[in-house]
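Here the structure comes first, spelled out in C-alpha cells, and everything after it is commentary.
Computation of the quantities below employed the complete heavy-atom set of this structure, encompassing side-chain atoms and omitting hydrogens, waters and symmetry-equivalent molecules. Reminder, nothing fancy here: chain letters follow the sequence lines and each chain counts from 1.
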Amino acid sequence: MRVSRFLSKTLRQDPGEAETASHRLMLRAGMMMQMGAGIYSYLPLALRSIKKIEAIIREEIDAAGGQEVLMPALQPIEAWQQSGRDVAFGDNMFHVFDRRKREMVIAPTHEEAITLIATANVESYRDLPLLLYQIQTKFRDEPRPRAGLLRGREFTMKDAYSFDTDQEALDVTYQRMRIAYRNIFRRCGLPTLEVEADSGAIGGKDSHEFIMPAESGEDTVLVCPTGDYAANAERATSVIPPAPESAPQEMTLVDTPGAKTIADLVDSMGITEAQTLKAVFYAADKEVVLVTIRGDIEVNEVKLKNLLEVRELRLATPEESVAAGLTPGSTSPIGLTGIKRVGDKSIQQGNNFVAGANQADEHYKNVNYPRDFEVDTIAEIGTSKAGDGCPNCGAALDEVRGIEVGHVFKLGTFFTRTFGGDYLDDAGKLNPMVMGCYGIGVTRVLAAAIEQNHDDKGILYPAPIAPFQVHLVALNADKEEVSTAADATYAQLLELGYDVLYDDRLGESAGVKFNDVDLLGLPVRVVISPRNIKNGVVEVKRRRDDESAQVAAADLPATLAAALAQDEL
RNA sequence: CGGGGUGUGGCGCAGCCCGGUAGCGCGCCUGCUUUGGGAGCAGGAGGCCCCCGGUUCGAAUCCGGGCACCCCGACCA
C-alpha cells in the first residue's frame, strides 16, 4: 500500500479524549474513528491487524476440531425468556422492536442460539463431541465503556461452544481448547498468563482466564514465581500471614474514645492489624449479613457472593446497619443473634483479638473464636494479596495487573436442559449434552497488544499481527533515482509476499516520515535514500532496536526474514 | 447508577467572569525555496460556537431545560 493513496492519516498531537495508551495511539495512528461511546469504525490499519488475529484464531480452533458457523446478532427475545437470561442480562442487553412491535434483542452472547443449533442437529452419541465457533460482532450495553477498544459496546468476539456426552468427555475438550488458546496467543506474539478464574453465576467447576499483563488492565492476578499457581485475585486462595498467638486471656471491655476504624485501634493500642477483628455488613439480596474477618485481610466480595448464592451483594448502608442493631465504628459479632453471620477462616489464625463491642467508644480485647462469639458459616472469603503464600508451594505470590483477553469455562447442562438438548447414549437412554464455552475478545486483543507493546513514540507491533510487516520509506522521493529504487524495492517485497506500507510521499521531510514510522509501529523499517543509494545499500531497522543495519540490496530478503522472525514466541 | 469534567473549522486549544465583526497553533490547498528525525516565505480554503427555549437592540458569552462525550467506582471478552 502506498501511503500517498492510504486512507489513514496520522495526528501530530494526542487526541484530547484518550488517556489510555492503546486508545490514544490507535486514534493518533488513524487506526479507528469513534462514532459513539464504545462504538468505533475500524479503519484499514486496525482492520488489517484484526484480520490477522482472526486468521490465527481460525487456524487453531479448526485444528482443535472446531467448525465455523455464523449466528444472528438480531434475535427474538423468546429464547432469552426461556433461559431466563433476559432478566439476568437486564440493561446490559440492547432491545429493539420490529415493525409488528415484537420485541427483539441484539445478542450479547450466543449460548441460546448455539444450543438450539446443537439440539436440532445432534441425535445420538455418534454425533458427539461437537465443537462450533463463530467470529462475530457482540453488542453489550456496558455500564461504562472505556479506553477505546478495551471495553466497547460493540466488539468482535470469537465464541466457541462444545457439546460432549459427559463430564469426562468435556474435560478432554476443555484441555484441547486450553492448548489451542495458548497456541493462539503465542502465535500472535503476545505473552499471556493462563489463570484460574471465577466461573460466575452460571458457572461449572473449571474456569480459566487468559490475561495479558499490562498496567492499564482491569484485572489483578496472583502468580507464584515458581510457576505452579496463577489465579485471578477474585478467586485466588493463599496462605495468609500468621498472627501473633499467646495464651488466651480473659475477654474485657476497654474504653476506646473516638476509635472508629482498624487504623485507630492499631494506633491507640499499639497492636497490629492482624491482632484485630473487623466486622463488615453486607446487603445480600435484601438480607443483611455480618462478615467477621481478621483486621489485616479484606473481604473478597466474589467469594462471599458465591458462598451466599445471591444475585446482588453490596456493603450495607449505615442506616441498614443501625436498623440491624449494629453500632458503626464498633460493630461486633459478639453477642449478636438474629442475623446471618459469616466468618472468614482467618479468625481461626491468631487470638486475643481486639474487636468491636456494639457500643460507641468501647471495644473488647482478648476476643477468641469460638470461645467468645459464634458464626453460622466459616469459609475462606478473604482477598489474597501479593506476599501471601502460594497455596501449592508456600512461596510469596506476586501481583500482576492485566487485561482479560480470553476465558474458557465448563458450562455444564444448564442450556441443554433448558432447550431439550438431549442425545441418545449407547444404551438408548436420553441424556443432556454437557457444554463448554470459550471466548476471545478479538478487538480487545488488538488493544491489549498495544497496551503491552508501545513506547513514548508509538506502537511496537509483534510481527504476526502488525497491519503491515514492512514500512518502506523513500526519502527525497521526488528525486528520480530514489523513486525508481524505492518502487523497485516495493515491487520486490510484494513479490516476496510481504505486506508493505510504502511511504512514497513527495513533499514530506525525513522527520515527518520517521515519526510516522515510530507511531505506526510496524516491525521493520526499510529506508531508501540518496545517501543509501550512493553507498550501494538499503537500510533496515527493527522498530524495537535503536540501531539500523546497512545491507546490500541482494541481502535484503534474508535480513528482513531474520528481523521479522525475532518477534515469534 | 452515584461522583468529577468537557462540548468552539480535520486535530489541540484560547475567548465565556465583564454580552458588541470568532481567534491561535497544527493540519489542509496554491506557488517558490528546502529535504536523514515533526522546514521557510507568500497567498488561500474551511466554523449550525452540542441542541432547544428564554433575557436583551444585540448571546459562543447571561438564565432555564435537554443531549453527547471523557474520567473515577459496582459488571465483562
On RNA chain B, does the nearest nucleotide to A:N515 precede the nearest nucleotide to A:G16 from the 5' side, or the other way round? Give the residue.
A:G16
Between the base of B:G37 and the side chain of A:D518, is there a donor-acceptor distance below 3.5 Å?
yes
Let me know the distance between CZ of A:R85 and C1' of B:C75, rounded to the nearest Å.
15 Å
Quick test of your reading of the model: are A:E112 and A:R85 salt-bridged, counting only N-O distances below 4.0 Å?
yes
Considering just the side-chain nitrogens and oxygens of A:S509, establish if one lies under 4.0 Å of OP1 or OP2 belonging to B:G38.
no
Give the nucleotide from the list B:G38, B:C70, B:A77 with an atom nearest to the side chain of A:Q34.
B:C70
So what's B:G20 paired with, Watson-Crick or G-U wobble, going by both distances under 3.5 Å?
B:C57
From the options B:G37, B:G12, B:A77, select the nucleotide whose nearest atom is closest to the side chain of A:E142.
B:A77
Gap between atoms CZ and C1', on A:F514 and B:U35 respectively (whole Å):
11 Å
Which nucleotide wins on minimum distance to the side chain of A:A37, given the candidates B:G37, B:G73, B:C69?
B:C69
Select base, sugar-phosphate, or nothing to describe what A:F210 touches, counting heavy atoms under 4.0 Å on all strands.
nothing
Select one nucleotide: of B:G37, B:C75, B:C71, the one nearest the side-chain heavy atoms of A:H23.
B:C71
Please give, in whole Å, the distance from B:G38 C1' to A:D14 CG?
14 Å
Does a distance-only test, which skips hydrogens and angles, find a donor-acceptor pair under 3.5 Å between the side chain of A:Q13 and the base of B:G27?
no
Could you state the atom-to-atom distance from CG of A:D456 to C1' of B:G38 in whole Å?
15 Å
Taking donor-acceptor contacts at under 3.5 Å, does the side chain of A:R151 reach the base of B:C75?
yes
Is the distance from the ring center of A:F210 to that of A:H208 below 6.0 Å?
no
Tell me which nucleotide among B:C72, B:C70, B:U35 gets nearest to the side chain of A:R144.
B:C72
Rounded interatomic separation in angstrom, taking NE2 from A:H208 and P from B:A77:
16 Å
Could you tell me whether A:G441 contacts a base, only the sugar-phosphate backbone, or nothing, with contacts defined as non-hydrogen atoms closer than 4.0 Å?
base
Can you tell me whether the side chain of A:R28 and the base of B:G27 have a donor-acceptor pair closer than 3.5 Å?
no
For a quick check of understanding: with a heavy-atom distance under 4.0 Å over all strands, which category does A:V512 fall into, base, sugar-phosphate or nothing?
base
From the set B:A77, B:C71, B:G37, return the single nucleotide nearest to any side-chain atom of A:R140.
B:A77
Rounded to the Å, how far apart are A:R12 CZ and B:G37 C1'?
12 Å
